[in-house]
> 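Have a look at this one before I ask anything.
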Protein chains: 2
Amino acid sequence: MADPNIDVVAKAAGVHRSTVSRAFSRPEAVKSETREHILRIAEGLGYTMSPLAQALRRKTSTFVPLIVPDITNPFFAELAKTMTQAADERGYQLLLCVTNGDPAKTEGYFTAMQAMYAPFGIVAPSTKVDTGVLKRFDFGHRVVVIDRVEGDSSVPTVTVDSRRGIVLALEHLRSLGHTSIGYVSGISGTHTAQDRMDAYLELSAEGSSTPLVLDSGSDPDAGARAAKHFLEMENPPTAIIAANDMVAFAVISALGQSGIRVPEDVSVMGFDGLALGARFNPALTTVRQPIADMGNIAIELAEKQNLNGSVDHVVLEPELLVRASTAGPRK
Amino acid sequence: MADPNIDVVAKAAGVHRSTVSRAFSRPEAVKSETREHILRIAEGLGYTMSPLAQALRRKTSTFVPLIVPDITNPFFAELAKTMTQAADERGYQLLLCVTNGDPAKTEGYFTAMQAMYAPFGIVAPSTKVDTGVLKRFDFGHRVVVIDRVEGDSSVPTVTVDSRRGIVLALEHLRSLGHTSIGYVSGISGTHTAQDRMDAYLELSAEGSSTPLVLDSGSDPDAGARAAKHFLEMENPPTAIIAANDMVAFAVISALGQSGIRVPEDVSVMGFDGLALGARFNPALTTVRQPIADMGNIAIELAEKQNLNGSVDHVVLEPELLVRASTAGPRK
DNA sequence: ACGGTTAGTGCAACCGATCTCGGCAATCGA
DNA sequence: TCGATTGCCGAGATCGGTTGCACTAACCGT
């Protein structure tokens with residue numbers, strides 16, 4: 001039962017190929033009874049249109065690439081999850097592309113998406129995004145990035161308000177009585193990571209406390225190093241804000257290895273609001289990013305841009321998520 | 001600079017389309033100097049072949065779908081990561097398909113992969129796989145599943161030896177002095193989950209200890225319920241084996257919420273060997289599955305089957321990974 | 001009743017490749 | 001020397017749709 005093509009459907013329905021085509025892709029252009037007849041016949045034959053052939057002829061497909069550096073990172077995984085959903089609610093087919101942070105791969109995916117006539121693409125970068133690259137691939141006007149970009153506002157973006165998130169974290173910790181609050185930046189490289197750090201630096205200086213960056217490396221071991229650093233201090237902070245949930249996990253784990261308990265000995269906050277955080281030990285207090293919204297909005301922005309060329313930059317509000325990893329300062 | 005098609009390259013090189021085509025896809029069929037000349041011209045024009053057009057004509061593409069129930073689950077994320085790598089080392093393009101456990105979606109992906117002429121597909125199921133469905137889509141002979149299947153050995157599979165894994169876990173715990181070892185099955189539904197459970201039941205009965213299943217639900221809250229159950233027992237086990245790492249996380253987290261400490265009060269082991277486990281608090285002792293190998297082998301099996309119709313069932317050896325969540329039994 | 005719309009459909013070229021044939025040398029065996 | 005093979009390439013049909021154009025019939029106002 002090799003699947004039938006448009007011609008056999010046409011013959012079975014007693015109409016021309018083009019009418020079948022229209023029945024499917026331009027319903028208003030065909031008399032409704034004809035269309036229903038065709039659809040019924042097609043249904044009976046188990047016919048569906050070939051997306052390949054369509055894309056080839058139309059020079060536009062429904063493949064939407066989502067480019068992420070590492071799907072193993074739960075943040076990107078959650079993003080991917082909500083975006084697949086959002087995508088196929090709108091009739092797109094999300095293609096997950098994992099770069100491992102390799103710029104060459106990123107470019108490879110760009111050329112691939114061009115070749116596949118993707119209508120647009122979404123990129124969640126691991127480094128500060130270079131809009132030049134996007135442009136070079138004639139894709140500059142069809143891509144939205146999930147980060148802030150600098151110096152070029154011609155590409156749509158979605159982010160959460162990093163500064164606001166840090167404010168939330170700081171307020172929470174201070175209301176608990178903390179005055180000495182450290183920061184672990186961990187993996188950085190993106191603008192948002194930078195923004196979080198900057199906000200911490202600035203805002204914690206405003207408060208009574210002095211900024212205290214425990215680590216600012218950009219590798220996965222930053223958490224462990226931060227913990228080591230913490231242990232060596234003669235006057236360690238009573239609370240720590242981690243740049244993201246994964247780093248918070250690592251910090252707590254490394255601290256625990258040395259017998260430091262959270263939140264009894266030190267409070268630790270994350271930033272992301274991963275579902276995983278609820279199952280951490282202890283459950284992680286964090287600043288939640290509305291990941292699902294980000295995904296939906298990213299696609300909407302892309303569509304809007306495709307439609308009328310408008311490029312928007314939306315920044316979302318983060319939200320405090322208090323769980324069990326924060327408490328009053330140790331005595 | 002609309003990308004050039006095969007005809008402009010042909011004209012520029014002074015040859016016919018078909019020669020250009022051969023220069024790319026069947027190098028031995030064209031004189032080497034002609035081919036090099038063509039390739040050079042193509043290079044200069046920035047020409048690459050359209051995968052769409054190729055797939056349409058050849059009726060076979062390089063799109064390899066990986067069907068997983070939930071990319072948010074780190075196990076599948078790690079699988080996806082290693083498989084994208086493995087796939088494009090071999091010239092395939094991995095398409096990640098997330099079903100959220102919805103069988104309708106799974107079927108949708110199957111029809112999509114047929115329409116795209118995928119040469120084969122990989123499925124990592126969330127429920128016992130029904131080979132009937134695979135067959136119905138004329139895909140029965142082009143899919144490999146990452147699980148065991150029952151009653152039908154006509155589809156290639158990759159799994160790890162569940163029983164062996166449980167042996168490893170039990171041995172480890174017993175060597176630490178534990179005699180009362182509980183089990184939390186958590187999310188199940190797949191054959192491997194079933195196998196793990198069965199192995200535990202059987203093997204723990206063999207030992208001196210009596211089997212003790214703390215929970216066998218199949219939802220994400222099983223961990224929490226198991227912890228509750230644990231707390232209510234008058235004679236709780238001194239060690240717990242969780243069906244997989246995620247459940248172990250949840251159990252430890254829930255236990256911690258009630259002041260039970262791991263491994264001081266109770267040892268907990270996982271099963272998976274997720275990278276995340278190393279950053280848990282405490283770092284999780286677990287049975288490692290060679291996820292990367294599974295990915296590679298899955299693709300190899302698929303290729304082998306496509307080539308000569310052979311269907312293999314490979315089962316891999318798990319490995320004990322001792323970290324910090326296990327210790328001697330409490331007094 | 002008549003020129004002008006408009007809706008509905010057929011025709012055929014086209015998207016960018018692949019592949020079977022068949023032609024034309026050059027080479028081979030005897 | 002001659003027919004047969006072989007290597008290399010071009011012609012043209014084809015994959016499964018889309019779309020601009022032409023055509024027909026029904027419908028409009030006057």
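Convention: sequence-line order gives letters A, B, ...; per-chain numbering from 1.
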> Go along nucleotides 9-19 of chain D 5' to 3' and tag each nucleotide: B for a protein heavy atom under 4.0 Å from its base, S when only backbone or sugar atoms are that close, - otherwise.
BBBBBBBBBBB
> For B:N296 and B:A86, which heavy atoms make the closest approach, and how far apart are they?
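So the minimum-distance heavy-atom pair works out to OD1-CB, 3.3 Å.
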> Which residue pairs satisfy the salt bridge (Lys or Arg N to Asp or Glu O under 4.0 Å) criterion with at least one member in residues 60-81 of chain A, sequence neighbours excluded?
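Every pair satisfying salt bridge (Lys or Arg N to Asp or Glu O under 4.0 Å) with a residue in residues 60-81 of chain A: A:D70-B:K81, A:K81-B:D70.
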> List in chain and number order the residues that pass side chain to side chain donor-acceptor pair (under 3.5 Å) with B:S310, two or more places apart in sequence or in another chain; answer none if no residue qualifies.
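Only B:N308 meet the side chain to side chain donor-acceptor pair (under 3.5 Å) criterion with B:S310.
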> Which heavy-atom pair separates B:G295 from B:M83 by the least distance, and what is that distance?
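Minimum heavy-atom contact is CA-CG, 3.5 Å.
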> Roughly how many Å is it from CD in A:E33 to C1' in C:dT9, rounded to a whole number?
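Rounded to whole Å, this separation is 13 Å.
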> Check the angle between the aromatic planes of A:F63 and B:F63 and answer parallel, tilted or perpendicular using the 30° and 60° thresholds.
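Because their plane-to-plane angle lies in the 30° to 60° range, the rings of A:F63 and B:F63 count as tilted.
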